[in-house]
Undergrad: 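Have a look at this one.
Computed over heavy atoms, backbone and side chain alike; hydrogens, waters and symmetry mates excluded. Lettering of chains follows the sequences in order, A, B, ..., and the numbering in each one begins at 1. Just so it is clear, the model here is predicted, and its values are computed rather than measured.
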Amino acid sequence: MSKYQAPKGVSEYVPDRSSHFDYVRRTIINAAELSGYELVELPVFEDTELFTRGVGESTDVVRKEMYTFLDRGGRSITLRPEGTAGVMRAVLEHNLDRGQLPVKLYYSGAFFRAERPQAGRFRQFYQVGIEAIGLADPRIDVEVIAVADRAFRDLGLKEYVLEITSLGDERTRSDYLSDLREYISGINLDEDTRERAALNPLRLFDDKREEIRAVMSKAPILMDYLTPESAADFDKVQELLTVLKIDFTVNDRMVRGLDYYTGTAFEFVHKGLGAQSGIGGGGRYDGLMSQLGGQELSGVGFGLGVDRILLAREAEGLVLPANAGLDLYIVPLGVGDTALALAEELRGRGVKTDLAFGDKALKGAMKSADKSGARYCIVLGADELASGSVQLKEMHTGESTSVTLSALANELIRRISDYGEHL
RNA sequence: GUGGUCGUAGCUCAGCUGGUAGAGCACUCGGUUGUGGUCCGAGAUGUCGCGGGUUCGAGCCCCGUCGAUCACCCCA
């Protein structure tokens, strides 16, 4: 082993797991595209201020988890810890909010948070997210949730639950928070906990300790402070989720870590994952655009954790569906040049082809053919070139049929399209 | 950032109270002239995470460090 290792806490994927990772990511993207979301490809670093203002100075993410540094021009730069702020910046910068609303966008890529790593929590991790910007309509909230749910179902996940809540509008929030703070000031807490509560009193709802849970169960609930409009929206969300047959539970003490959330908030939690069980979450944000200097527009979106979803699939024992691996493996016997040329010709016609290199002995080359997972295999040697035909062998049945070299490409294409339809 | 556990061949792991490293799988080659997946045989492979210390001697003990992991915290 080399003395170099990947930096602490990064997630990286190599074969065979990389294809599984890619499958997860593509499935999520596919769900987004099915609902009309379009790609934005954004930088992985931004001006630090975008995040301090967008995500919120009081959040842990901003206070202690950002990778921030000065670039060579002395600018303060931060590796993106989340996706929404960057999307908003791009929307404003390119005036996407001047056209028809909502603007529906998705992104996919790496994010960075300087946390202490553990299973399912990485310093570089992958997220796919969507944002629907410009319309405050509970139907869009539900659409966003439905995209996530579709992705999870397409991925074959079963052991997850959807939790939803409403955080109300700004007025509800400030009324509620002052009451909650008052309640908390009346209970006896250790210094550390008191500090956390001062920063964000909602955090105490998340505390794992029995005694804290007991006192917090009697604390005022945000849900009771909702304005009639917020309450009506939240009812509508629940009604629509029911219509769409998306199961959910209302968690009236859900805590979201990012300051910008208002109104509908949700979280998908997987049961097989231990402490880092959130596989995705999101919600509506009313103040974010104006906070960043744009017009007063509301938005809603989610971020799904690709790494954790892969872990969740593995926890459920799911394996990759019938893979689109190699179609053909060529075993050359002393005619490596011709074999490579043939492979190139077949590849040019869309046949996924690999071949043995390095003048392997027949037996070893056949083993390679087996391990490659290719559907078919041919041996190519002087005899075949002389006769102009090869034995096309189907690996899993062992059956061979004689095919002329000139007809090989067409024959393979025919067979591939056959089994393609059965996938 | 805090606390616990762990770190031995590519992988999963064994290694008794300290005496100088092993198994299974994987890999390479072979089992008579050109067909894999089973079987049989042979072979290669480790600075025992890294650095110090104790000791005649350390994979086994001590300290540090790096990494993983579990929980707190936080969140995707």
Undergrad: For nucleotides 66-76 of chain B, read 5' to 3', which letter fits each nucleotide if B means a protein heavy atom sits under 4.0 Å from the base, S means only the sugar-phosphate is that close, and - means neither?
TA: SSSSSBBBBBB
Undergrad: Taking ring-ring contact (aromatic ring centres under 6.0 Å, His included) as the test, write out the residues that go with A:F152, two or more places apart.
TA: A:Y160, A:F268
Undergrad: Below 4.5 Å, heavy atoms only, C-beta onward: do A:I378 and A:L342 meet side chain to side chain?
TA: yes
Undergrad: In whole angstrom, give me the gap between the C1' atoms of B:C66 and B:G49.
TA: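 7 Å, rounded to whole Å.
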Undergrad: Between A:E143 and A:K104, does any NZ, NE, NH1 or NH2 come within less than 4.0 Å of an OD or OE carboxylate oxygen?
TA: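 Here A:K104 pairs with A:E143 in a salt bridge, since their nearest N and O are under 4.0 Å apart.
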Undergrad: Could you tell me the separation between the CE atom of A:M366 and the P atom of B:U35, rounded to a whole number of Å?
TA: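 Between P of B:U35 and CE of A:M366: 9 Å.
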Undergrad: Between B:A58 and B:C50, how many Å separate the two C1' atoms, rounded to a whole number?
TA: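 The same atom, C1', in both gives a distance of 16 Å.
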Undergrad: Stem ranges for RNA chain B, with three or more consecutive Watson-Crick or G-U pairs under 3.5 Å?
TA: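 Correct response: B:1-7 with B:66-72, B:10-13 with B:22-25, B:27-31 with B:39-43, B:49-53 with B:61-65.
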Undergrad: Taking protein heavy atoms under 4.0 Å as touching, what does nucleotides 24-33 of chain B look like 5' to 3' if B marks base contact, S marks sugar-phosphate-only contact and - marks none?
TA: ---SS--B--
Undergrad: Taking 4.0 angstrom as the limit, do A:R17 and A:E314 come out as a salt bridge?
TA: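 Counted as a salt bridge, because a side-chain N and a carboxylate O are separated by less than 4.0 Å.
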Undergrad: Give me the distance, rounded to whole Å, that separates B:G57 from B:C74 when you measure between the C1' atoms they each carry.
TA: 48 Å
Undergrad: Any side-chain heavy atom of A:E65 sitting closer than 4.5 Å to one from A:D60?
TA: yes
Undergrad: ring-ring contact (aromatic ring centres under 6.0 Å, His included) with A:F21: which residues, sequence neighbours excluded?
TA: A:Y13, A:Y126
Undergrad: Can you list the residues that meet the side-chain contact (heavy atoms from CB on, under 4.5 Å) rule with A:D206, with sequence neighbours excluded?
TA: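 If we apply the side-chain contact (heavy atoms from CB on, under 4.5 Å) test to A:D206, skipping adjacent residues, the hits are A:V255.
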Undergrad: Side chains of A:L258 and A:R256: closer than 4.5 Å at any heavy-atom pair?
TA: no
Undergrad: Would A:D141 and A:R284 pass as an ion pair if we require N to O under 4.0 Å?
TA: yes
Undergrad: Under 4.0 Å between a side-chain nitrogen and a carboxylate oxygen: does that hold for A:R153 and A:D149?
TA: yes
